[in-house]
Amino acid sequence: MKTLFWYLVAALGEIAGCYAFWLWLRLGKGPAALLWGIPALLIFAFALTRIDTEQAGRAFAAYAAIYLISSLAWMKAVEGVNPTQWDLIGSLVCLAGAGIIVFAPGR
């Protein structure tokens, strides 16, 4: 449960931080967005180091599915765009792959 918590904190930090840059560079909202975007990216990086594994690559690979699902939730909640059925199917496929990585025998 602790791992899921840190993955969700990482996802929120990464998505919020990257969205700040999106607002600035793509939507012309001004560099003030970076005042919260840069700390959010620092939170993202910190949170990923809290994952209980010896291999960074394994933590990052499993995180990919959490990031994808969180991104779709962000798209709905913040941008007001509904995910398509293909978005949802793709995220489930990624979640299954992350489960194989995390729950593989011998770990």
Side-chain angles (χ1 to χ4, degrees):
M1 205 57 157
K2 186 173 80 168
T3 297
L4 180 59
F5 169 79
W6 285 115
Y7 274 140
L8 292 174
V9 169
L12 182 60
E14 183 177 14
I15 295 165
C18 290
Y19 189 65
F21 278 83
W22 185 274
L23 290 173
W24 174 43
L25 295 172
R26 295 285 303 262
L27 301 180
K29 298 293 183 184
L34 301 181
L35 294 175
W36 57 270
I38 292 170
L41 289 171
L42 292 172
I43 290 168
F44 153 68
F46 174 80
L48 272 186
T49 67
R50 307 291 94 199
I51 303 304
D52 189 23
T53 184
E54 295 301 316
Q55 297 80 30
R58 187 167 289 130
F60 301 162
Y63 166 70
I66 301 299
Y67 175 79
L68 192 148
I69 292 167
S70 299
S71 295
L72 295 176
W74 179 278
M75 184 175 71
K76 170 71 174 161
V78 175
E79 298 179 78
V81 177
N82 290 323
T84 67
Q85 69 182 21
W86 300 108
D87 294 329
L88 299 175
I89 291 168
S91 65
L92 291 175
V93 169
C94 289
L95 190 58
I100 292 168
I101 292 168
V102 170
F103 300 113
R107 296 211 183 120

A.B. asks: Identify the two heavy atoms, one from Ala98 and one from Ala65, that lie closest to each other, and give their separation to 0.1 Å.
C.D. replies: CB-CB, 3.6 Å

A.B. asks: Ignoring hydrogens, what is the shortest heavy-atom contact between Gly37 and Ala20? Give both atom names and the distance.
C.D. replies: CA-CB, 3.4 Å

A.B. asks: In Å and rounded to the nearest 0.5 Å, what is the CG to OH distance from Leu48 to Tyr63?
C.D. replies: 6.0 Å

A.B. asks: Flag yes if Phe60 and Leu8 sit in one hydrophobic cluster, no otherwise; membership is Ile, Leu, Val, Met, Phe, Trp, Tyr, and two members link when side-chain heavy atoms are under 4.5 Å apart.
C.D. replies: yes

A.B. asks: Would you please test Val9 and Trp6 for side-chain contact (heavy atoms from CB on, under 4.5 Å) and show each step?
C.D. replies: CA-CA 5 Å; Val9 169; Trp6 285 115; 4.3 Å; yes

A.B. asks: Compare every heavy atom of Leu72 with every heavy atom of Pro83, then report the nearest pair and how far apart it is.
C.D. replies: CG-O, 4.0 Å

A.B. asks: Can you pull out every ring-ring contact (aromatic ring centres under 6.0 Å, His included) where at least one residue sits in residues 70-95? Sequence neighbours excluded, please.
C.D. replies: Tyr19-Trp74

A.B. asks: Can Lys76 and Val81 be said to form a side-chain contact (heavy atoms from CB on, under 4.5 Å), step by step?
C.D. replies: CA-CA 5 Å; Lys76 170 71 174 161; Val81 177; over 6 Å; no

A.B. asks: Are Trp36 and Phe44 connected in a single hydrophobic cluster, I mean Ile/Leu/Val/Met/Phe/Trp/Tyr linked by side-chain heavy atoms less than 4.5 Å apart?
C.D. replies: yes

A.B. asks: Between Leu41 and Gly17, which heavy-atom pair has the shortest distance, and what is it?
C.D. replies: CG-CA, 3.8 Å

A.B. asks: Treat each ILVMFWY residue as a node, draw an edge where side-chain heavy atoms are under 4.5 Å apart, and state whether Trp24 and Ile38 are in one component.
C.D. replies: yes

A.B. asks: I'd like to know if Ile89 and Leu95 are part of one continuous hydrophobic network [Ile/Leu/Val/Met/Phe/Trp/Tyr, side-chain heavy atoms within less than 4.5 Å].
C.D. replies: no

A.B. asks: Hey, what do you get for CG (Leu92) to CD1 (Ile69), rounding to the nearest 0.5 Å?
C.D. replies: 6.5 Å

A.B. asks: Which heavy atom of Ala61 sits nearest a heavy atom of Ile101, and at what distance?
C.D. replies: CB-CD1, 3.7 Å

A.B. asks: State, to 0.1 Å, how close Ala62 and Tyr7 come at their nearest heavy-atom pair, and which atoms those are.
C.D. replies: CB-OH, 3.4 Å

A.B. asks: Please walk me through it: do Asp87 and Met75 pass side-chain contact (heavy atoms from CB on, under 4.5 Å)?
C.D. replies: CA-CA 11 Å; Asp87 294 329; Met75 184 175 71; 4.0 Å; yes

A.B. asks: With hydrophobic residues grouped by side-chain heavy-atom distances under 4.5 Å, do Trp22 and Ile15 end up in a single group?
C.D. replies: yes

A.B. asks: Could you go through Leu4 and Ile66, starting from their C-alpha distance and side-chain angles, then the distance that decides it, and tell me whether this counts as side-chain contact (heavy atoms from CB on, under 4.5 Å)?
C.D. replies: CA-CA 9 Å; Leu4 180 59; Ile66 301 299; 4.1 Å; yes

